[in-house]
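First comes the structure, then the notes that go with it.
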Amino acid sequence: MAAPLSSITDILFTDTKRTRFTTNTNTNTATTNSNPNPLKPKTLRKKFPIYCTTSKSTPEAASTTTKKNPSLSEQLTPLANKTLSTSIGIQPNVLSKPKSTWVNPTKPKRSVLSHQRQKRAPYSYTPQLRDFQLFAQKINECGNSDDEFSDMVKEIPHTLTRENALLVLNSLKPWPKTHMFLHWMRTQNLIPMETIFYNVTMKSLRFGRQFQLIEELAHQMFDDGIELDNITYSTIISCAKKCNLFDKAVYWFERMYKTGLMPDEVTYSAILDVYAKLGKVQEVINLYERGRATGWKPDPITFSVLGKMFGEAGDYDGIRYVLQEMKSIGVQPNLVVYNTLLEAMGKAGKPGFARSLFEEMIESGVEPNEKTLTAVIKIYGKARWSRDALELWERMKENGWPMDFILDMKQSEHTKPDSYSYTAMLNIYGSEGDVDSAMELFEEMSRLGIQLNVMGCTCLIQCLGKAMEFDDLVRVFDVAIERGVKPDDRLCGSLLSVLSLSQGSKDDEEKVLSCLRKANPKLVAFIQLIVDEETRFEAVKEEFKVIMSNASVEVRRPFCNCLIDICRNKDLQERAHELLYLGTLFGLYPGLHNKTNSEWCLDVRSLSVGAALTALEEWMWTLTKIVQREEALPEFFLAQTGTGVHKFAQGLNISFASHLKKLAAPFNPSEEKAGCFVATREDLIYWVRSKFSSAAVAT
DNA sequence: GATCGGATAC
């Protein structure tokens, strides 16, 4: 056996200190670097603000080269620092030759993992295969008691050989049988005990989540002098992981180092996953970089582990780092890696990049499976990209991709039907305005007892509101509340937007209000306050403040938009202007008005139709006053509505154009930029003058 | 879940 190596905790601890030291000594350089590498994961960026430092010049690195027998941690630390600076793309010329990072090339350093995967003995033929299969089957079928087992095992058909034993151990299914058979072999002493017998038994125990028994067997191996190999350790570690005993997983990994056994890439990636699940991102990166520094070429499974970790952290830079690493090492992502990275992109809130990655995956010939499609559909649904979602739906039909990713789950015994997939589908149908399909899903969920969550409920209500199906809307809302859905601000927001659509019918309006009253009575009281013409501005202002501070940040602007719409629908223009003013005052419309020397721009893209028209009136009014006072004006004026691709902005440019006409304002659609209306200073001045001269003539 | 180990959705 090799001499004991340093424990991995020592390595990590030493490295953390060193990392901090390196960071501190170079902070000045770091802060002056105006172009940080965009591919750095967050954790790297935090702890390693600079990447160009050569570790050779640090005192620690120098000292390690002079020592005769440097510890593993000492050998690896400078390498890790060095690799961090080269492998993530700041110096692409060094990227392809990690070996150049050796501090002392004449003396090869001990690696942190073995580059050779543990060899497996070839499967040997067993002449009595059939007999032993039957024997194993009988044991499988007998009871779990020791007595029954003892009786049964006596019927062993031939002499036990190594191959026969393996065959039986592999065929025994419930873990107690495998465990008992191994025990029997050990006490009978018919053949010498081997590592592989323990490994096979441990695999069976892992299936039954019997970590304690696995640990007992491992101790027994130590006691009996049976070598634990990489397969033993990776099985122990993965079982600990499966049982959520992460400290145990780390313990056995350290123990492996202490006994002098070098992990191979299977064990190594298993432990990376453990650290990732513990949220120890920095440690994972350190271990990964360390392995890389010694010439390790990680395989797709490792990248899947890294991708999942960065996804959990919502770390987009980290995800790009993984992609960049695979590219530079020349590892082609497989299905699982793509699935992991797509999921990660979703968690990092990058639907656009997820879409490109998905297209790249198809392009490279990797067939998507139901996990891929669920992830992508979910991302499109969340981003409200209904067009992309439906296009994907069509492609699934065309290519024969798994259409039944929901049905699959219904049929599976182990997986409960997925409320999340239903929500994603509700979102798609909802965004597309397909009420029938959305309601069909809703009824199906009720039939199958699938929990409707608040997001699904919000999608449905939006959809029903748009279709003016107020009775169904009330029914869905009541059922959702009954089944324990807690209305949140988004749900209130969608009720509010439905209310702003229900113009005309007092009856329908009352139906929506009854729902909103259950979800947020204060909001209903505020609506009543603002639609009362007698209410004074000061009172509105006070209550507005209360309502908005109580609402979560992301719904404040939609709330205000809807409230303005509601007022305009009731011809309460003055109140609408007050609300827009309050919204601006509370910072709900940043960037509504942008000024440069040559151009003033009104950007109403984040406003509802009513709010946009109110903003336009306000702007024209202000511009009129400026013209009348003969104050300085820029050469050009621009009003931006967007082209209406966003779901909430649909029709905004059309309504805006017709309102411009109504005001006879001098804005014309821009020929260069869709969704823009432009006017020159001359147009504007002419418009104000003619308006007032005609007014003067009229009076 | 035939053949001793590591990765993916809610």
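Atom P of nucleotide B:dT8 and atom CZ of A:F310 are separated by 16 Å, given to the nearest angstrom. Distance, A:F253 CZ to B:dG6 C1': 12 Å, rounded to whole Å. Nucleotide B:dA7 holds its C1' atom 8 Å from the NZ atom of A:K277, rounded to whole Å. Remark: P of B:dG1 and CZ of A:F207 are 8 Å apart, rounded to the nearest angstrom. Distance, A:K241 NZ to B:dA7 C1': 8 Å, rounded to whole Å. One interatomic measurement links the two molecules: NZ of A:K371 to C1' of B:dA7, which rounds to 11 Å at whole-angstrom precision. The distance between atom OH of A:Y268 and atom C1' of B:dA7, rounded to the nearest whole Å, is 17 Å.
Ring centroid separation for the pair A:F246 and A:Y275 does not come in under the 6.0 Å cut-off. Here A:W296 and A:Y268 bring their ring centres to under 6.0 angstrom of each other.
Evaluation of the side-chain contact (heavy atoms from CB on, under 4.5 Å) rule for A:S269 yields A:I301, A:T302 as partners, not counting sequence neighbours. Every residue two or more places apart in sequence or in another chain was checked for a side-chain hydrogen bond (donor to acceptor under 3.5 Å, both in side chains) with A:E216, and none qualifies.
Of all the residues in residues 338-358 of chain A, A:N339, A:T340, A:E343, A:K347 reach under 4.0 Å from DNA chain B with at least one non-hydrogen atom.
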Might you list the N or O atoms of the protein lying below 3.5 Å from N or O atoms in nucleotides 2-5 of chain B, with each pair's distance?
{"unit_1": "B:dT3", "atom_1": "OP1", "unit_2": "A:K203", "atom_2": "NZ", "d": "3.2"}
{"unit_1": "B:dC4", "atom_1": "OP2", "unit_2": "A:N170", "atom_2": "ND2", "d": "3.2"}
{"unit_1": "B:dC4", "atom_1": "O2", "unit_2": "A:N199", "atom_2": "ND2", "d": "2.8"}
{"unit_1": "B:dG5", "atom_1": "OP1", "unit_2": "A:K203", "atom_2": "NZ", "d": "3.0"}
{"unit_1": "B:dG5", "atom_1": "OP2", "unit_2": "A:R120", "atom_2": "NH2", "d": "2.6"}
{"unit_1": "B:dG5", "atom_1": "O3'", "unit_2": "A:R206", "atom_2": "NH1", "d": "2.9"}
{"unit_1": "B:dG5", "atom_1": "N1", "unit_2": "A:D264", "atom_2": "OD2", "d": "2.9"}
{"unit_1": "B:dG5", "atom_1": "N2", "unit_2": "A:N230", "atom_2": "O", "d": "3.4"}
{"unit_1": "B:dG5", "atom_1": "N2", "unit_2": "A:D264", "atom_2": "OD1", "d": "2.7"}
{"unit_1": "B:dG5", "atom_1": "N2", "unit_2": "A:D264", "atom_2": "OD2", "d": "2.8"}
{"unit_1": "B:dG5", "atom_1": "N2", "unit_2": "A:T267", "atom_2": "OG1", "d": "3.2"}
{"unit_1": "B:dG5", "atom_1": "N3", "unit_2": "A:S234", "atom_2": "OG", "d": "3.0"}

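Residue pairs that meet the ring pair (Phe, Tyr, Trp, His ring centres under 6.0 Å) test with at least one member in residues 194-222 of chain A, sequence neighbours left out, are A:H219-A:W252.
Side-chain N/O atoms of A:K378 include one lying less than 4.0 angstrom from OP1 or OP2 on B:dC10.
Comparing A:I301 and A:K308, the nucleotide of DNA chain B nearest to each residue sits closer to the 5' end for A:I301.
With respect to A:N230, the side-chain contact (heavy atoms from CB on, under 4.5 Å) criterion is satisfied by exactly one of A:N199, A:T235, A:D264: A:D264.
The same atom, C1', is picked in B:dC10 and in B:dG6; the two are 23 Å apart, to the nearest Å. B:dT8 and B:dG1 are spaced 15 Å apart, taking the P atom of each and rounding to whole Å. One C1' atom belongs to B:dG5, the other to B:dA9, and the distance between them is 24 Å to the nearest Å.
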Could you give the side-chain donor-acceptor pairs of residues 165-175 of chain A under 3.5 Å, partners two or more places apart or in another chain?
{"unit_1": "A:N170", "atom_1": "ND2", "unit_2": "A:L166", "atom_2": "O", "d": "3.1"}
{"unit_1": "A:S171", "atom_1": "OG", "unit_2": "A:L167", "atom_2": "O", "d": "2.6"}

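Between A:L182 and A:L217 there is a side-chain heavy-atom pair separated by less than 4.5 Å.
In this structure, CE on A:M309 lies 13.5 Å from NZ on A:K280, to the nearest 0.5 angstrom.
A:D299 contributes no side-chain N or O that forms a donor-acceptor pair with the base of B:dA7 under 3.5 Å.
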